[in-house]
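Accompanying notes for the structure given below.
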Amino acid sequence: MLDIKTIRQNIDLVKRALENRGSSVELGFLLDQDAKRRSLIQEADELKSKRNQFSNRIAKEKSSGVDLEAEKNEMRSMSDRIKSIDVEIREVEEAMNGFIMEIPNIPHESVPVGRDSGDNQIVRSWGEKPEFSFTPKDHWDIGEGLGILDFKRAAKVTGARFVINWGAGALMERAIVNLMLDVHTREHGCREVLTPFMVNRESMTATGQLPKFEEELFATNNDYFLVPTAEVPVTNLYRSETLNEEDLPVKLVSYTPCFRREAGSYGKDTRGLIRLHQFNKVELVRFAHPSRSYTDLEELTGEAEDILKKLGLHYRVVCLCTGDLGFSSAKTYDLEVWMPAQGVYREISSCSNFEDFQARRGQIRYKAKQAKKTELCHTLNGSGLAVGRTLAAVLENYQKEDGTVMVPEVLKPYMKLDLITPIS
RNA sequence: GGAGAGAUGGCCGAGUGGACGAAGGCGUUCGCCUGCUAAGCGAAUGUAGGGUCAUAAGCUCUACCGAGGGUUCGAAUCCCUCUCUCUCCGCCA
(Lines give C-alpha, C1' and ligand atoms only; values in the text may rest on other atoms or scores of the structure.)
Protein backbone atom coordinates (compact mmCIF):
# COMPACT_ATOMS: atom_id res chain seq x y z
CA MET A 1 0.00 0.00 0.00
CA LEU A 2 1.29 3.41 -0.92
CA ASP A 3 1.04 6.33 1.45
CA ILE A 4 -1.75 8.76 0.56
CA LYS A 5 0.59 11.65 1.39
CA THR A 6 3.18 10.34 -1.04
CA ILE A 7 0.54 10.05 -3.72
CA ARG A 8 -0.80 13.52 -3.02
CA GLN A 9 2.59 15.17 -3.06
CA ASN A 10 4.24 13.21 -5.87
CA ILE A 11 1.32 12.69 -8.16
CA ASP A 12 3.37 12.82 -11.38
CA LEU A 13 5.99 10.41 -10.13
CA VAL A 14 3.32 7.93 -9.07
CA LYS A 15 1.51 8.23 -12.39
CA ARG A 16 4.70 7.61 -14.36
CA ALA A 17 5.62 4.62 -12.18
CA LEU A 18 2.24 3.03 -12.73
CA GLU A 19 2.42 3.61 -16.48
CA ASN A 20 5.81 1.87 -16.53
CA ARG A 21 4.18 -1.09 -14.87
CA GLY A 22 1.48 -1.14 -17.52
CA SER A 23 -1.06 -0.42 -14.83
CA SER A 24 -3.78 2.06 -15.60
CA VAL A 25 -5.07 3.68 -12.46
CA GLU A 26 -7.09 6.88 -12.47
CA LEU A 27 -5.84 8.82 -9.47
CA GLY A 28 -8.22 11.80 -9.74
CA PHE A 29 -10.94 10.03 -7.79
CA LEU A 30 -8.53 9.29 -4.98
CA LEU A 31 -7.39 12.88 -4.69
CA ASP A 32 -11.00 14.12 -4.60
CA GLN A 33 -11.84 11.69 -1.81
CA ASP A 34 -8.70 12.70 0.04
CA ALA A 35 -9.67 16.38 -0.04
CA LYS A 36 -13.20 15.52 1.02
CA ARG A 37 -11.94 13.40 3.88
CA ARG A 38 -9.77 16.14 5.28
CA SER A 39 -12.48 18.75 5.20
CA LEU A 40 -14.92 16.37 6.92
CA ILE A 41 -12.37 15.61 9.61
CA GLN A 42 -11.89 19.29 10.20
CA GLU A 43 -15.59 19.85 10.57
CA ALA A 44 -16.08 16.90 12.91
CA ASP A 45 -13.08 17.78 15.06
CA GLU A 46 -14.36 21.29 15.58
CA LEU A 47 -17.74 20.00 16.71
CA LYS A 48 -16.12 17.44 18.98
CA SER A 49 -13.98 20.11 20.53
CA LYS A 50 -17.09 22.16 21.30
CA ARG A 51 -18.83 19.16 22.75
CA ASN A 52 -15.89 18.40 25.02
CA GLN A 53 -15.80 21.97 26.25
CA PHE A 54 -19.47 21.86 27.04
CA SER A 55 -19.21 18.54 28.87
CA ASN A 56 -16.45 19.97 31.00
CA ARG A 57 -18.61 22.95 31.83
CA ILE A 58 -21.46 20.73 32.96
CA ALA A 59 -19.12 18.77 35.15
CA LYS A 60 -17.96 21.97 36.81
CA GLU A 61 -21.40 23.47 37.29
CA LYS A 62 -23.18 20.32 38.25
CA SER A 63 -23.30 21.18 41.95
CA SER A 64 -24.31 24.81 41.43
CA GLY A 65 -27.74 23.80 40.22
CA VAL A 66 -27.69 25.94 37.09
CA ASP A 67 -30.25 24.79 34.55
CA LEU A 68 -28.56 23.86 31.25
CA GLU A 69 -31.50 22.12 29.58
CA ALA A 70 -31.44 24.37 26.52
CA GLU A 71 -27.74 23.80 25.95
CA LYS A 72 -28.15 20.10 26.45
CA ASN A 73 -30.72 20.05 23.68
CA GLU A 74 -28.32 21.87 21.45
CA MET A 75 -25.60 19.36 22.31
CA ARG A 76 -27.92 16.51 21.48
CA SER A 77 -28.35 17.70 17.94
CA MET A 78 -24.64 18.47 17.70
CA SER A 79 -23.87 14.90 18.73
CA ASP A 80 -26.18 13.63 16.02
CA ARG A 81 -24.42 15.81 13.50
CA ILE A 82 -21.04 14.46 14.64
CA LYS A 83 -22.27 10.92 14.26
CA SER A 84 -23.42 11.47 10.72
CA ILE A 85 -20.14 13.16 9.75
CA ASP A 86 -18.21 10.27 11.28
CA VAL A 87 -20.23 7.85 9.18
CA GLU A 88 -19.43 9.90 6.11
CA ILE A 89 -15.72 9.97 6.96
CA ARG A 90 -15.70 6.24 7.30
CA GLU A 91 -17.40 5.78 3.96
CA VAL A 92 -14.86 8.04 2.27
CA GLU A 93 -11.99 6.23 3.97
CA GLU A 94 -13.33 2.86 2.91
CA ALA A 95 -13.62 4.03 -0.67
CA MET A 96 -10.06 5.41 -0.57
CA ASN A 97 -8.71 2.32 1.09
CA GLY A 98 -10.31 -0.02 -1.38
CA PHE A 99 -8.78 2.07 -4.11
CA ILE A 100 -5.29 2.33 -2.65
CA MET A 101 -5.17 -1.38 -1.93
CA GLU A 102 -5.39 -2.04 -5.66
CA ILE A 103 -2.46 0.22 -6.52
CA PRO A 104 0.79 -1.70 -7.00
CA ASN A 105 4.12 -0.66 -5.54
CA ILE A 106 6.35 1.90 -7.26
CA PRO A 107 9.34 0.26 -8.96
CA HIS A 108 12.78 1.26 -7.73
CA GLU A 109 14.70 3.61 -10.03
CA SER A 110 17.23 0.87 -10.85
CA VAL A 111 14.53 -1.39 -12.31
CA PRO A 112 14.65 -1.55 -16.12
CA VAL A 113 11.55 -0.16 -17.80
CA GLY A 114 9.84 -2.73 -19.96
CA ARG A 115 6.58 -4.34 -20.98
CA ASP A 116 6.94 -8.01 -20.15
CA SER A 117 9.38 -10.81 -19.35
CA GLY A 118 11.05 -10.24 -22.70
CA ASP A 119 12.44 -6.98 -21.34
CA ASN A 120 13.93 -8.50 -18.21
CA GLN A 121 17.65 -7.96 -17.75
CA ILE A 122 20.10 -10.82 -17.29
CA VAL A 123 22.42 -9.69 -14.51
CA ARG A 124 24.86 -12.60 -14.27
CA SER A 125 25.10 -16.33 -14.54
CA TRP A 126 26.98 -19.05 -12.68
CA GLY A 127 28.29 -22.46 -13.69
CA GLU A 128 27.89 -24.14 -17.02
CA LYS A 129 25.35 -26.24 -18.81
CA PRO A 130 26.14 -29.91 -18.25
CA GLU A 131 26.95 -31.89 -21.37
CA PHE A 132 25.25 -35.16 -22.11
CA SER A 133 26.35 -37.89 -24.47
CA PHE A 134 22.68 -38.85 -24.78
CA THR A 135 19.41 -36.96 -24.98
CA PRO A 136 18.53 -35.87 -21.45
CA LYS A 137 15.10 -36.85 -20.23
CA ASP A 138 12.48 -34.70 -18.56
CA HIS A 139 12.44 -34.94 -14.77
CA TRP A 140 8.96 -36.51 -14.78
CA ASP A 141 10.15 -39.30 -17.03
CA ILE A 142 13.20 -39.85 -14.85
CA GLY A 143 11.11 -39.73 -11.66
CA GLU A 144 8.42 -42.08 -12.92
CA GLY A 145 11.04 -44.36 -14.40
CA LEU A 146 12.73 -44.68 -11.03
CA GLY A 147 9.40 -45.04 -9.26
CA ILE A 148 10.12 -42.05 -7.02
CA LEU A 149 7.58 -39.60 -8.49
CA ASP A 150 3.97 -40.69 -8.88
CA PHE A 151 1.63 -38.27 -10.60
CA LYS A 152 -1.02 -40.87 -11.43
CA ARG A 153 -1.78 -41.86 -7.88
CA ALA A 154 -1.59 -38.23 -6.77
CA ALA A 155 -4.36 -37.51 -9.28
CA LYS A 156 -6.40 -40.37 -7.86
CA VAL A 157 -5.85 -39.43 -4.22
CA THR A 158 -6.31 -35.69 -4.72
CA GLY A 159 -6.37 -34.36 -8.26
CA ALA A 160 -4.36 -32.81 -11.06
CA ARG A 161 -1.24 -30.80 -10.20
CA PHE A 162 -0.24 -32.84 -7.17
CA VAL A 163 2.59 -35.29 -6.72
CA ILE A 164 3.48 -38.22 -4.51
CA ASN A 165 7.14 -38.84 -3.67
CA TRP A 166 8.12 -42.44 -3.00
CA GLY A 167 11.28 -43.75 -1.34
CA ALA A 168 14.38 -41.91 -2.52
CA GLY A 169 12.14 -39.21 -3.97
CA ALA A 170 10.73 -38.44 -0.55
CA LEU A 171 14.21 -38.77 0.94
CA MET A 172 15.73 -36.30 -1.49
CA GLU A 173 12.90 -33.80 -1.00
CA ARG A 174 13.53 -33.96 2.75
CA ALA A 175 17.31 -33.77 2.24
CA ILE A 176 16.98 -30.64 0.12
CA VAL A 177 14.81 -28.98 2.76
CA ASN A 178 17.34 -29.83 5.46
CA LEU A 179 20.31 -28.68 3.39
CA MET A 180 18.67 -25.32 2.78
CA LEU A 181 17.65 -24.79 6.39
CA ASP A 182 21.10 -25.81 7.63
CA VAL A 183 22.96 -23.53 5.23
CA HIS A 184 20.77 -20.52 5.92
CA THR A 185 20.85 -20.92 9.70
CA ARG A 186 24.49 -21.96 10.11
CA GLU A 187 26.23 -20.07 7.31
CA HIS A 188 23.98 -17.08 6.69
CA GLY A 189 22.92 -16.26 10.23
CA CYS A 190 19.20 -16.69 9.74
CA ARG A 191 16.89 -17.72 12.54
CA GLU A 192 14.60 -20.60 11.69
CA VAL A 193 10.88 -20.29 12.29
CA LEU A 194 8.12 -22.84 11.77
CA THR A 195 4.70 -21.26 11.40
CA PRO A 196 1.08 -22.24 10.87
CA PHE A 197 0.28 -23.18 7.28
CA MET A 198 -3.05 -21.40 7.49
CA VAL A 199 -3.47 -17.70 8.15
CA ASN A 200 -6.32 -15.27 8.59
CA ARG A 201 -7.58 -12.55 6.28
CA GLU A 202 -5.64 -9.73 7.95
CA SER A 203 -2.35 -11.48 7.32
CA MET A 204 -3.18 -12.06 3.66
CA THR A 205 -4.09 -8.40 3.31
CA ALA A 206 -0.90 -7.12 4.91
CA THR A 207 1.37 -8.95 2.49
CA GLY A 208 -0.77 -7.99 -0.50
CA GLN A 209 -2.40 -11.29 -1.54
CA LEU A 210 -5.77 -9.80 -0.60
CA PRO A 211 -7.96 -8.19 -1.64
CA LYS A 212 -6.71 -8.36 -5.21
CA PHE A 213 -5.68 -11.99 -5.64
CA GLU A 214 -8.24 -14.02 -3.74
CA GLU A 215 -8.80 -16.34 -6.70
CA GLU A 216 -5.19 -17.53 -6.32
CA LEU A 217 -5.78 -18.80 -2.79
CA PHE A 218 -7.24 -21.88 -1.16
CA ALA A 219 -9.62 -20.90 1.64
CA THR A 220 -11.17 -22.92 4.44
CA ASN A 221 -14.80 -22.71 5.44
CA ASN A 222 -13.98 -20.53 8.44
CA ASP A 223 -12.20 -17.82 6.47
CA TYR A 224 -8.66 -19.09 6.95
CA PHE A 225 -6.36 -19.35 3.96
CA LEU A 226 -3.70 -21.93 3.13
CA VAL A 227 -0.40 -20.11 2.78
CA PRO A 228 0.74 -19.60 -0.83
CA THR A 229 4.26 -18.92 0.51
CA ALA A 230 5.95 -18.66 3.91
CA GLU A 231 6.31 -14.97 3.16
CA VAL A 232 2.78 -14.52 4.50
CA PRO A 233 3.01 -16.03 8.00
CA VAL A 234 6.62 -14.93 8.48
CA THR A 235 6.24 -11.31 7.37
CA ASN A 236 3.13 -11.11 9.56
CA LEU A 237 5.06 -12.25 12.65
CA TYR A 238 5.79 -8.62 13.44
CA ARG A 239 2.55 -7.11 12.18
CA SER A 240 1.51 -4.15 14.38
CA GLU A 241 4.80 -4.36 16.24
CA THR A 242 7.77 -2.05 16.63
CA LEU A 243 11.26 -3.51 16.29
CA ASN A 244 14.43 -2.02 17.75
CA GLU A 245 16.61 -0.32 15.18
CA GLU A 246 19.72 -2.12 16.43
CA ASP A 247 18.08 -5.49 15.78
CA LEU A 248 17.77 -4.78 12.05
CA PRO A 249 18.11 -6.55 9.77
CA VAL A 250 16.06 -9.40 11.25
CA LYS A 251 16.91 -12.44 9.13
CA LEU A 252 14.52 -15.36 9.16
CA VAL A 253 14.26 -18.63 7.28
CA SER A 254 11.18 -20.79 7.20
CA TYR A 255 10.06 -24.02 5.62
CA THR A 256 6.41 -24.35 4.60
CA PRO A 257 4.40 -26.16 2.00
CA CYS A 258 2.81 -23.64 -0.38
CA PHE A 259 -0.71 -23.88 -1.75
CA ARG A 260 -1.75 -22.13 -4.94
CA ARG A 261 -4.83 -22.32 -7.08
CA GLU A 262 -2.90 -21.52 -10.26
CA ALA A 263 -6.12 -20.15 -11.70
CA GLY A 264 -5.62 -19.08 -15.28
CA SER A 265 -2.65 -21.33 -15.92
CA TYR A 266 -4.62 -24.16 -17.49
CA GLY A 267 -2.50 -26.00 -19.99
CA LYS A 268 0.71 -24.43 -18.72
CA ASP A 269 3.40 -26.73 -17.32
CA THR A 270 0.86 -29.50 -16.92
CA ARG A 271 3.52 -32.14 -16.50
CA GLY A 272 6.08 -32.56 -13.78
CA LEU A 273 6.96 -30.66 -10.66
CA ILE A 274 7.03 -27.17 -12.11
CA ARG A 275 3.53 -25.93 -11.38
CA LEU A 276 1.68 -27.77 -8.59
CA HIS A 277 -1.15 -26.81 -6.26
CA GLN A 278 1.07 -27.84 -3.36
CA PHE A 279 4.84 -27.62 -3.18
CA ASN A 280 7.52 -27.23 -0.55
CA LYS A 281 9.59 -24.12 -0.20
CA VAL A 282 12.22 -22.72 2.11
CA GLU A 283 11.77 -18.99 2.33
CA LEU A 284 14.13 -16.21 3.36
CA VAL A 285 12.55 -13.15 4.96
CA ARG A 286 14.20 -9.96 6.13
CA PHE A 287 13.02 -6.94 8.05
CA ALA A 288 15.44 -4.24 7.03
CA HIS A 289 16.40 -0.67 7.73
CA PRO A 290 15.19 1.54 4.85
CA SER A 291 18.65 3.03 4.41
CA ARG A 292 20.19 -0.31 3.47
CA SER A 293 17.38 -2.50 2.21
CA TYR A 294 18.89 -2.67 -1.27
CA THR A 295 22.13 -3.98 0.19
CA ASP A 296 19.96 -6.51 1.99
CA LEU A 297 18.34 -7.48 -1.30
CA GLU A 298 21.76 -8.23 -2.83
CA GLU A 299 22.76 -10.25 0.24
CA LEU A 300 19.53 -12.20 0.34
CA THR A 301 19.75 -12.99 -3.36
CA GLY A 302 23.30 -14.20 -2.76
CA GLU A 303 22.13 -16.50 0.02
CA ALA A 304 19.61 -18.12 -2.31
CA GLU A 305 22.26 -18.43 -5.03
CA ASP A 306 24.53 -20.13 -2.55
CA ILE A 307 22.20 -23.14 -2.44
CA LEU A 308 22.35 -23.53 -6.22
CA LYS A 309 26.14 -23.26 -6.13
CA LYS A 310 26.39 -25.92 -3.45
CA LEU A 311 24.17 -28.18 -5.55
CA GLY A 312 26.32 -27.43 -8.59
CA LEU A 313 23.37 -26.28 -10.66
CA HIS A 314 23.92 -23.81 -13.49
CA TYR A 315 21.70 -20.74 -13.16
CA ARG A 316 21.33 -17.11 -14.09
CA VAL A 317 20.09 -14.04 -12.23
CA VAL A 318 17.46 -11.90 -13.90
CA CYS A 319 16.28 -8.46 -12.87
CA LEU A 320 12.57 -8.18 -13.59
CA CYS A 321 11.52 -5.17 -15.63
CA THR A 322 8.76 -2.78 -14.54
CA GLY A 323 6.10 -4.62 -16.55
CA ASP A 324 6.94 -8.04 -15.07
CA LEU A 325 7.26 -6.96 -11.46
CA GLY A 326 4.93 -8.48 -8.84
CA PHE A 327 2.20 -6.34 -7.32
CA SER A 328 3.89 -5.59 -3.99
CA SER A 329 7.49 -5.53 -5.13
CA ALA A 330 9.72 -2.53 -5.83
CA LYS A 331 12.54 -4.66 -7.23
CA THR A 332 12.86 -8.38 -7.90
CA TYR A 333 15.65 -10.70 -8.93
CA ASP A 334 14.60 -14.08 -10.27
CA LEU A 335 17.01 -16.98 -10.11
CA GLU A 336 16.57 -19.24 -13.08
CA VAL A 337 18.02 -22.72 -13.04
CA TRP A 338 19.04 -24.58 -16.17
CA MET A 339 16.73 -27.44 -17.13
CA PRO A 340 18.57 -29.51 -19.76
CA ALA A 341 15.64 -31.60 -20.97
CA GLN A 342 13.59 -28.64 -22.14
CA GLY A 343 16.69 -26.56 -22.74
CA VAL A 344 15.32 -23.60 -20.80
CA TYR A 345 15.98 -21.63 -17.65
CA ARG A 346 13.20 -22.01 -15.05
CA GLU A 347 12.48 -19.68 -12.18
CA ILE A 348 13.53 -21.38 -8.96
CA SER A 349 13.67 -18.35 -6.69
CA SER A 350 12.28 -14.85 -6.64
CA CYS A 351 13.94 -12.31 -4.35
CA SER A 352 12.17 -9.02 -3.75
CA ASN A 353 12.43 -5.79 -1.86
CA PHE A 354 8.95 -4.54 -1.00
CA GLU A 355 10.31 -1.42 0.66
CA ASP A 356 7.58 -0.16 3.03
CA PHE A 357 4.67 -1.39 0.88
CA GLN A 358 3.89 -4.40 3.08
CA ALA A 359 5.09 -2.71 6.25
CA ARG A 360 2.55 0.05 5.80
CA ARG A 361 -0.30 -2.40 5.37
CA GLY A 362 0.90 -4.43 8.31
CA GLN A 363 2.17 -1.53 10.43
CA ILE A 364 5.60 -3.11 10.88
CA ARG A 365 7.85 -0.44 12.35
CA TYR A 366 11.19 0.13 13.98
CA LYS A 367 12.44 2.74 16.38
CA ALA A 368 15.89 4.04 17.18
CA LYS A 369 16.80 4.35 20.83
CA GLN A 370 16.90 8.15 20.85
CA ALA A 371 14.34 8.76 18.15
CA LYS A 372 10.96 10.25 18.91
CA LYS A 373 9.16 8.73 16.00
CA THR A 374 8.84 5.19 14.74
CA GLU A 375 9.46 4.47 11.06
CA LEU A 376 8.21 1.75 8.77
CA CYS A 377 10.59 -1.16 8.14
CA HIS A 378 11.39 -2.43 4.71
CA THR A 379 10.46 -6.05 4.11
CA LEU A 380 12.21 -8.45 1.76
CA ASN A 381 11.90 -12.06 0.89
CA GLY A 382 13.13 -14.66 -1.50
CA SER A 383 12.79 -18.37 -2.08
CA GLY A 384 15.78 -20.14 -0.80
CA LEU A 385 14.69 -22.22 -2.77
CA ALA A 386 11.55 -23.79 -4.18
CA VAL A 387 12.12 -27.42 -3.19
CA GLY A 388 10.10 -29.22 -5.86
CA ARG A 389 11.75 -27.31 -8.67
CA THR A 390 15.14 -27.95 -7.07
CA LEU A 391 14.42 -31.67 -7.05
CA ALA A 392 13.39 -31.45 -10.69
CA ALA A 393 16.61 -29.62 -11.56
CA VAL A 394 18.74 -32.18 -9.72
CA LEU A 395 17.03 -35.07 -11.50
CA GLU A 396 17.57 -33.51 -14.93
CA ASN A 397 21.09 -32.23 -14.37
CA TYR A 398 22.43 -35.32 -12.59
CA GLN A 399 20.79 -37.99 -14.72
CA LYS A 400 22.72 -40.81 -16.34
CA GLU A 401 22.02 -42.59 -19.57
CA ASP A 402 20.65 -45.69 -17.82
CA GLY A 403 17.97 -43.60 -16.11
CA THR A 404 19.64 -43.50 -12.70
CA VAL A 405 20.48 -40.22 -10.99
CA MET A 406 23.67 -39.31 -9.19
CA VAL A 407 23.22 -37.70 -5.80
CA PRO A 408 24.94 -34.29 -5.63
CA GLU A 409 27.92 -34.33 -3.27
CA VAL A 410 26.32 -31.91 -0.83
CA LEU A 411 23.20 -34.10 -0.42
CA LYS A 412 25.06 -37.34 0.23
CA PRO A 413 25.47 -36.81 3.99
CA TYR A 414 21.73 -36.20 4.21
CA MET A 415 20.73 -39.16 2.04
CA LYS A 416 23.45 -41.70 2.80
CA LEU A 417 23.15 -42.61 -0.85
CA ASP A 418 25.33 -42.05 -3.95
CA LEU A 419 22.99 -43.08 -6.73
CA ILE A 420 19.24 -43.25 -7.14
CA THR A 421 18.25 -46.51 -8.77
CA PRO A 422 14.82 -48.05 -9.33
CA ILE A 423 15.02 -50.01 -6.09
CA SER A 424 16.19 -47.21 -3.79
C1' G B 1 -18.36 -29.90 23.14
C1' G B 2 -19.95 -28.13 28.64
C1' A B 3 -18.96 -24.53 32.89
C1' G B 4 -16.52 -20.26 34.65
C1' A B 5 -12.88 -15.97 34.57
C1' G B 6 -10.61 -12.24 31.98
C1' A B 7 -8.63 -8.46 27.89
C1' U B 8 -6.17 -1.12 30.38
C1' G B 9 0.37 2.22 28.06
C1' G B 10 7.08 -1.38 26.49
C1' C B 11 5.72 -4.69 31.01
C1' C B 12 2.98 -5.35 35.83
C1' G B 13 -1.28 -3.23 37.71
C1' A B 14 -5.26 0.61 39.76
C1' G B 15 -9.51 2.72 38.04
C1' U B 16 -17.66 1.09 38.17
C1' G B 17 -20.35 7.96 34.66
C1' G B 18 -17.18 14.06 34.41
C1' A B 19 -11.01 17.22 36.56
C1' C B 20 -8.51 10.12 33.09
C1' G B 21 -4.13 9.66 27.81
C1' A B 22 -5.22 7.21 32.18
C1' A B 23 -2.76 6.36 39.74
C1' G B 24 1.33 3.39 41.50
C1' G B 25 5.34 0.25 40.30
C1' C B 26 8.96 -1.80 36.79
C1' G B 27 11.65 -0.75 32.50
C1' U B 28 13.93 2.86 29.15
C1' U B 29 16.30 7.75 28.11
C1' C B 30 18.65 12.33 29.84
C1' G B 31 20.86 14.90 33.98
C1' C B 32 22.88 14.94 39.09
C1' C B 33 25.58 12.23 42.56
C1' U B 34 29.60 8.65 42.71
C1' G B 35 37.33 5.65 43.17
C1' C B 36 34.34 1.86 39.67
C1' U B 37 29.71 -0.68 39.65
C1' A B 38 25.24 -0.81 42.28
C1' A B 39 22.09 2.16 45.05
C1' G B 40 20.07 7.16 45.57
C1' C B 41 17.99 11.95 43.61
C1' G B 42 15.56 14.93 39.60
C1' A B 43 13.21 15.06 34.84
C1' A B 44 11.30 12.90 30.49
C1' U B 45 8.98 8.66 28.35
C1' G B 46 2.38 5.81 23.67
C1' U B 47 0.20 5.69 18.68
C1' A B 48 -2.47 7.72 14.77
C1' G B 49 -5.13 11.54 12.10
C1' G B 50 -6.28 16.90 11.18
C1' G B 51 -4.86 22.32 11.38
C1' U B 52 -0.85 25.91 11.30
C1' C B 53 3.62 25.15 8.45
C1' A B 54 8.87 24.41 4.70
C1' U B 55 6.58 17.03 3.74
C1' A B 56 11.18 20.78 9.91
C1' A B 57 10.70 22.21 14.95
C1' G B 58 7.04 24.15 17.86
C1' C B 59 2.02 25.04 18.96
C1' U B 60 -2.99 23.33 18.69
C1' C B 61 -7.30 20.10 17.96
C1' U B 62 -9.32 15.10 17.54
C1' A B 63 -9.37 9.87 18.24
C1' C B 64 -7.64 5.47 20.68
C1' C B 65 -8.22 1.48 27.65
C1' G B 66 -9.35 -6.23 22.70
C1' A B 67 -13.04 -5.04 18.01
C1' G B 68 -17.79 -3.12 16.54
C1' G B 69 -22.50 -0.98 17.86
C1' G B 70 -25.88 1.37 21.73
C1' U B 71 -27.41 4.57 26.14
C1' U B 72 -25.86 9.69 27.81
C1' C B 73 -24.77 16.65 27.44
C1' G B 74 -20.48 13.37 28.65
C1' A B 75 -18.16 6.28 28.59
C1' A B 76 -11.93 2.86 30.23
C1' U B 77 -16.34 2.80 33.52
C1' C B 78 -23.36 1.08 31.96
C1' C B 79 -25.92 -2.22 27.87
C1' C B 80 -25.57 -5.51 23.34
C1' U B 81 -22.68 -8.36 19.63
C1' C B 82 -18.08 -10.39 18.18
C1' U B 83 -12.88 -11.91 18.70
C1' C B 84 -9.05 -13.66 21.60
C1' U B 85 -6.75 -15.53 26.25
C1' C B 86 -6.88 -18.38 30.82
C1' U B 87 -8.97 -22.26 34.40
C1' C B 88 -11.94 -26.77 35.21
C1' C B 89 -14.66 -31.10 32.94
C1' G B 90 -15.22 -34.22 28.51
C1' C B 91 -13.00 -35.81 23.87
C1' C B 92 -8.72 -36.28 20.89
C1' A B 93 -3.13 -36.71 17.60
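By convention in this document, chain letters (A, B, ...) are assigned in the order of the sequence lines, proteins followed by strands, and residues within each chain are numbered from 1. From a predicted model like this one, the values you see are computed outputs, not experimental measurements.
Pairing for A3(B) goes to U87(B), judged as Watson-Crick or G-U wobble with the two contacts each under 3.5 Å. Within the shown strands, nothing qualifies as a pairing partner of A38(B) under the Watson-Crick or G-U definition with both distances less than 3.5 Å. Partner assigned to A57(B) is none, using Watson-Crick or G-U wobble distances below 3.5 angstrom. A 3.5 Å limit on both hydrogen-bonding distances identifies A48(B) as the Watson-Crick or G-U partner of U62(B). Pairing for A23(B) is absent, judged as Watson-Crick or G-U wobble with the two contacts each under 3.5 Å. With a cut-off of 3.5 Å on both pairing distances, A93(B) has no Watson-Crick or G-U wobble partner at all. Of all nucleotides present, none satisfies the Watson-Crick or G-U wobble test against C33(B) with each distance under 3.5 Å. Here G9(B) sits opposite no nucleotide as a Watson-Crick or G-U wobble pair (both hydrogen-bonding atom distances under 3.5 Å).
C11(B) sits 13 Å from G66(B) when the P atoms are compared, rounded to a whole Å. U71(B) and G17(B): their C1' atoms are spaced 12 Å apart (whole Å). A39(B) and A48(B): their P atoms are spaced 32 Å apart (whole Å). Spacing of P atoms, G70(B) relative to C64(B), comes out at 13 Å, to the nearest Å. The same atom, C1', is picked in C92(B) and in G1(B); the two are 12 Å apart, to the nearest Å. Here, G68(B) and U87(B) have their P atoms 28 Å apart, quoted to the whole Å. G27(B) and G46(B) have their C1' atoms separated by 14 Å, given to the nearest Å. Here the separation of U8(B) from C86(B), taken at their P atoms, is 14 Å to the nearest Å.
The side chain of Arg51(A) approaches C73(B) more closely than any other nucleotide in the set C73(B), U55(B), G51(B). Closest to the Asp45(A) side chain, of the nucleotides A63(B), U72(B), C61(B), is C61(B). The side chain of Arg365(A) sits closest to A48(B) out of C73(B), G50(B), A48(B). When the nucleotides A63(B), U55(B), G50(B) are ranked by their closest atom to the side chain of Lys48(A), A63(B) comes out on top.
When each of Thr235(A), Asp296(A), Asn381(A) is paired with Arg286(A), the side-chain hydrogen bond (donor to acceptor under 3.5 Å, both in side chains) condition holds for Asp296(A) and for no other. Looking at Met406(A), Met172(A), Lys416(A), Lys310(A) one by one, the single match for side-chain contact (heavy atoms from CB on, under 4.5 Å) with Leu411(A) turns out to be Met172(A).
Checking the phosphate oxygens (OP1, OP2) of A48(B), a side-chain nitrogen or oxygen of Thr374(A) falls inside 4.0 Å. At U72(B), none of the side-chain N or O atoms of Lys83(A) fall inside 4.0 Å of OP1 or OP2 (strictly under the cut-off). Contact between the side-chain N/O atoms of Arg38(A) and the OP1/OP2 oxygens of G51(B) is found at a separation under 4.0 Å. Close to A63(B), at under 4.0 Å from its OP1 or OP2, lies a side-chain N or O of Asn52(A). Of the side-chain N and O atoms in Ser49(A), one or more sit less than 4.0 angstrom from OP1 or OP2 of U62(B). The side chain of Thr242(A) contributes no N or O atom lying less than 4.0 Å from OP1 or OP2 of G10(B).
Taking every heavy atom of both residues into account, Asp182(A) and Tyr414(A) meet most closely at OD2-OH, 2.6 Å.
As rounded to whole Å, 15 Å separates atom P of A63(B) from atom CD of Glu93(A). Atom-to-atom, CD1 of Ile7(A) to P of U55(B) comes out at 18 Å; the value is rounded to the nearest Å. One interatomic measurement links the two molecules: CD of Glu375(A) to P of U47(B), which rounds to 11 Å at whole-angstrom precision. If you take CZ of Arg201(A) and P of U83(B), they are 16 Å apart, rounded to a whole angstrom. In this structure, the CG atom of Asp86(A) is 13 Å from the C1' atom of G50(B), given to the nearest Å. With rounding to whole Å, Asn56(A) atom CG is found 7 Å from A19(B) atom P. The nearest whole Å value for the distance from the CG atom in Asn73(A) to the P atom in C73(B) is 8 Å. Atom CG in Asn97(A) sits about 13 Å away from atom P in G49(B), given to the nearest Å.
Nearest-nucleotide positions on RNA chain B for Arg90(A) and Arg76(A) put Arg90(A) closer to the 5' end. When each of Gln363(A) and Lys50(A) is assigned the nucleotide of RNA chain B bearing its nearest heavy atom, the one mapping closer to the 5' terminus is Gln363(A).
No more than 12 heavy atoms of other residues, nucleotides or ligands lie within 6.0 Å of CE in Met198(A), so this atom counts as exposed by the packing criterion.
Gln42(A) comes within contact range of the sugar-phosphate backbone alone, with a heavy-atom separation under 4.0 Å but no base atom that close. Looking at heavy-atom distances under 4.0 Å, Ser79(A) makes contact with sugar-phosphate atoms alone, never a base.
Between the side chains of His289(A) and Glu245(A), at least one donor N or O lies within less than 3.5 Å of an accepting N or O.
Ring-plane geometry between Phe29(A) and Phe99(A) is classed as tilted, the angle between the planes lying from 30 to 60 degrees on a 0 to 90 degree scale.
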Take Arg38(A) and Asp34(A), measure what salt bridge (charged side-chain N to carboxylate O under 4.0 Å, His left out) needs, and give me the verdict at the end. CA-CA 6 Å; Arg38(A) 282 183 293 155; Asp34(A) 176 48; 3.4 Å; yes
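Ring pair Tyr294(A)/His108(A): centre-to-centre distance below 6.0 Å.
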